Amino acid sequence: MRRRGGGFHAALAVTVLAAAFLVLPMLMVILVGVTANWFAGPLAGLSLRWVLQVIDNYGGTILVSLQIALANLAATLLLGVPLAYALACAPGRLARAVEELIVLPVAVPGIATALGMVLAWGTVGGFRSHWSFILAGHVVFTLPFMVRSVLAVLRGQEFRLWDEAARTLGAPFWRRFFTVIVPNARGGILAGSLMVTTLSIGEFNMSLILHTPFTRTLPVGLADAYASLRIEVGSAYTLIFFALIVPLLVAMQVLAARR
Amino acid sequence: MRASTGAALAAPAAIVWLAFFALPLARLALEGGDYLATLSQARHLRSLALTTALSAAVTLATLLVAGIAGTFLARQRFAGRSLLVACLTLPLAFPGVVVGGMVIMLAGRQGLIAQASDLLFGERIVFAYSIAGLFLGYVYFSIPRVVLTVMAAAEILDPRLEEAARTLGASNWQVVRDVIVPGLTPAFLAAGAICFATAMGAFGTAFTLATRIEVLPMVIYSEFTLAANFSAAAALSLLLAVVTWAVLFLARSRAGLVSAAA
């Protein structure tokens with residue numbers, strides 16, 4: 001056992017302060033969001049008034065975000081899992097090159113990609129004003145997280161051996177894909193699914209440029225509420241956002257701890 | 001797998017990537033027009049300098065705090081440790097807008113700091129909407145990423161090096177300076193690069209807090225939406241994209257994919 005001298009306590013103090021810095025405002029948001037009147041102090045009593053007001057005024061943004069997040073999950077599963085399988089089988093150099101390209105949308109700031117999207121697709125039919133315009137941005141941005149997550153699990157396994165065994169027993173390709181590859185990659189698929197959904201619900205940088213008044217997402221509405229409404233409304237809105245996203249974040253932590 | 005099967009599996013993703021990433025970026029590059037004229041405007045140069053300085057300061061502050069916390073948590077076992085790990089990594093995927101909200105809670109007009117300073121000195125200290133608030137927000141969303149990277153590296157640091165140093169009579173401080181910090185330098189570089197690139201491109205926090213602080217993403221946004229100056233917005237976006245990509249490219253060989261979502 002190490003000695004616990006002054007160094008231990010100094011480092012502990014830094015760590016606790018950093019944790020408090022991250023957590024205190026989260027606790028405050030929760031408290032303010034259910035306080036009747038923050039100006040009069042938290043003793044003025046608790047109330048769901050602000051939460052209900054947010055649901056009344058911004059309920060549409062929550063629905064748009066959930067709709068996009070679900071569609072994004074479906075799209076990244078359909079596109080990402082087959083791609084990860086192909087990359088796991090491809091020769092190393094080719095796989096690395098493709099991975100590099102797939103990850104580019106994460107390295108390039110969302111505001112740049114979104115401007116390009118508006119310039120390239122802004123005048124094509126009704127696409128600009130449809131929610132799938134935002135979806136397209138989210139899919140490109142979150143796809144690498146799905147691909148990397150599935151790829152990491154596949155690369156740590158003897159999946160090629162099992163695939164080969166199923167093939168020599170006469171299983172056709174699609175049967176092997178759904179009964180050998182997908183079940184063995186499920187840990188990576190689950191982790192990737194949590195990640196892409198979390199990122200899609202919270203994505204702002206692209207959504208701000210891509211949205212129209214009819215396709216406003218939750219984070220875009222949230223920025224509006226912070227800027228123009230009382231602190232209780234912004235807090236209640238954040239509270240709703242936490243209710244959507246914190247279970248996903250906790251599930252991710254649990255999943256990562258189990259590995 | 002036959003090559004044709006692999007190509008067929010990759011094709012749908014490739015088409016989406018080409019249509020909604022490669023094509024838009026190519027269109028952006030065409031729109032950029034006179035890059036030199038855009039990039040040499042005083043306002044744009046000032047913004048670039050401000051954004052770079054802010055990102056560098058955020059990177060140094062985060063590396064110091066999260067470096068200590070990450071190394072500490074990876075090496076020590078004590079009651080409450082996993083709670084601290086959970087607290088420090090939970091905001092990992094918080095969007096920039098929400099981080100802006102957190103800064104308002106801390107340093108806004110009715111925030112914790114304003115209320116505490118009112119109680120103590122009879123004066124409300126408010127700095128959420130200044131560059132200090134932006135700094136605080138960027139440190140907020142950088143801490144979880146850096147803590148995770150540093151923890152992962154510190155856990156695989158060879159304990160025999162430290163034991164050898166102690167056998168040779170090294171003090172605690174000498175072990176930190178001569179064994180732990182050099183061993184973690186690659187992780188610090190990788191985490192620092194991710195932190196810097198994310199801060200350069202961060203938009204949500206700046207949008208929430210400060211429409212008047214001219215960090216580069218805010219300038220791009222105002223050129224595009226308010227001034228309808230598409231070519232300047234495109235040229236600056238590409239500049240930003242090249243800078244963040246280059247910094248991340250240098251780092252990626254060492255660290256895995258870490259969200260640049262803020």
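Within every chain, numbering begins at 1; the chains are lettered A, B, ... in the order of the sequence lines, protein sequences first and strands thereafter. What you see is a predicted model; the values in this text were computed from it and never measured.
A/Phe141 and B/Phe20 have their aromatic ring centers separated by at least 6.0 angstrom.
Using bins of under 30°, 30° to 60° and over 60° for the plane-to-plane angle, the ring pair B/Tyr140/A/Phe21 lands in the perpendicular bin.
Comparing B/Leu25, B/Leu240, B/Val65 by heavy-atom pairs within less than 4.5 Å of chain A, the highest count is held by B/Leu240. When each of A/Thr113, A/Leu24, A/Val147, A/Leu248 is scored by its heavy-atom pairs under 4.5 Å with chain B, the top score falls to A/Thr113. Annotation: maximal heavy-atom pairing with chain B below 4.5 Å, among A/Gly234, A/Pro105, A/Ala227, occurs at A/Pro105. Put simply, of B/Gly108, B/Pro217, B/Ala86, the one with the most heavy-atom pairs under 4.5 Å next to chain A is B/Ala86. Contact tally against chain B (heavy-atom pairs below 4.5 Å) for A/Thr76, A/Val23, A/Leu17, A/Val14: the top residue is A/Val14. Ranked by heavy-atom pairs under 4.5 Å with chain B, the first of A/Pro109, A/Pro219, A/Gly137, A/Ala114 is A/Pro109. In terms of heavy-atom pairs under 4.5 Å with chain B, the best-connected choice from A/Leu83, A/Leu222, A/Val108, A/Leu115 is A/Leu115.
For a residue to count as touching a neighbouring chain, one of its non-hydrogen atoms must lie under 4.5 Å from one of that chain's; by this rule A/Ala90 does not touch chain B. Looking at B/Ala197, there are no atoms closer than 4.5 Å to chain A (heavy atoms on both sides), in backbone or side chain. The parts of B/Leu112 that come within reach of chain A are both its backbone and its side chain, each placing non-hydrogen atoms under 4.5 angstrom from that chain. Only the side chain of A/Phe242 comes within less than 4.5 Å of a heavy atom of chain B; its backbone N, CA, C and O stay farther away. Heavy atoms closer than 4.5 Å to chain A are found nowhere in B/Ala26, neither backbone nor side chain. Residue A/Val118 touches chain B through its side chain alone, counting heavy-atom pairs closer than 4.5 Å. For B/Ala29, no part lies near chain A; criterion is any non-hydrogen pair under 4.5 Å. Heavy atoms closer than 4.5 Å to chain B are found in the side chain of A/Leu143, but not in its backbone. Only the side chain of A/Thr238 comes within contact range of chain B, with at least one heavy atom under 4.5 Å from a heavy atom of that chain. Contact annotation for B/Leu136: both backbone and side-chain heavy atoms come within less than 4.5 Å of a heavy atom of chain A. Both the backbone and the side chain of B/Pro12 come within contact range of chain A, each with at least one heavy atom under 4.5 Å from a heavy atom of that chain. Only the side chain of B/Glu31 comes within contact range of chain A, with at least one heavy atom under 4.5 Å from a heavy atom of that chain.
Of the possible donor and acceptor atoms, one in the side chain of B/Thr244 sits under 3.5 Å from a partner among the backbone N and O of A/Ala107.
Across A/Ala19 and B/Cys87, no two heavy atoms sit closer than the pair CB-CB, 4.0 Å. The nearest pair of heavy atoms linking A/Leu199 to B/Ala93 is CD2-CB, 4.5 Å. Annotation for B/Phe21 and A/Val140: closest pair CB-CG1, 3.6 Å, computed over non-hydrogen atoms. Of all the heavy atoms in A/Ala11 and B/Phe72, the pair that sits closest is CB-CD1, 3.4 Å. Between B/Leu9 and A/Ala86, the shortest heavy-atom contact is CB-CB, 4.0 Å. Contact detail for B/Pro95 and A/Gly202: the closest heavy-atom pair is CB-O, 2.8 Å.
B/Leu23 is listed as a side-chain neighbour of A/Trp121, based on a closest heavy-atom distance under 4.5 Å. With a 4.5 Å cut-off on side-chain heavy atoms, B/Trp17 and A/Leu104 count as touching. With contacts defined as side-chain heavy-atom distances shorter than 4.5 Å, the pair A/Ile231/B/Met105 qualifies. Using a 4.5 Å heavy-atom cutoff, the side chains of B/Pro144 and A/Leu22 are in contact. For the pair B/Tyr221 and A/Leu208, the minimum side-chain heavy-atom distance is below 4.5 Å. Considering only heavy atoms from C-beta on, A/Ile111 stays 4.5 Å or farther from B/Phe207 through its side chain.
Interatomic distance, CE of A/Met195 versus CG of B/Leu92, reported as 5.5 Å (0.5 Å rounding). Going from atom CE of A/Met28 over to atom CE of B/Met102 covers 10.0 Å, rounded to the nearest 0.5 Å. The CH2 atom of B/Trp245 lies 7.0 Å from the CD atom of A/Glu100; values are rounded to the nearest 0.5 Å. Atoms OG1 and CG, from B/Thr208 and A/Asp224 in turn, are 10.5 Å apart once rounded to the nearest 0.5 Å.
No more than 12 heavy atoms of other residues, nucleotides or ligands sit less than 6.0 Å from atom CZ of B/Arg109.
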Legend entry - Verdict with reasoning, A/Phe177 to B/Thr5, per side-chain contact (heavy atoms from CB on, under 4.5 Å): CA-CA 12 Å; A/Phe177 183 74; B/Thr5 316; over 6 Å; no

Inset, instruction - May I have the step-by-step check of side-chain contact (heavy atoms from CB on, under 4.5 Å) for A/Met26 and B/Leu90, ending in yes or no? - result: CA-CA 11 Å; A/Met26 289 165 65; B/Leu90 186 66; 3.4 Å; yes

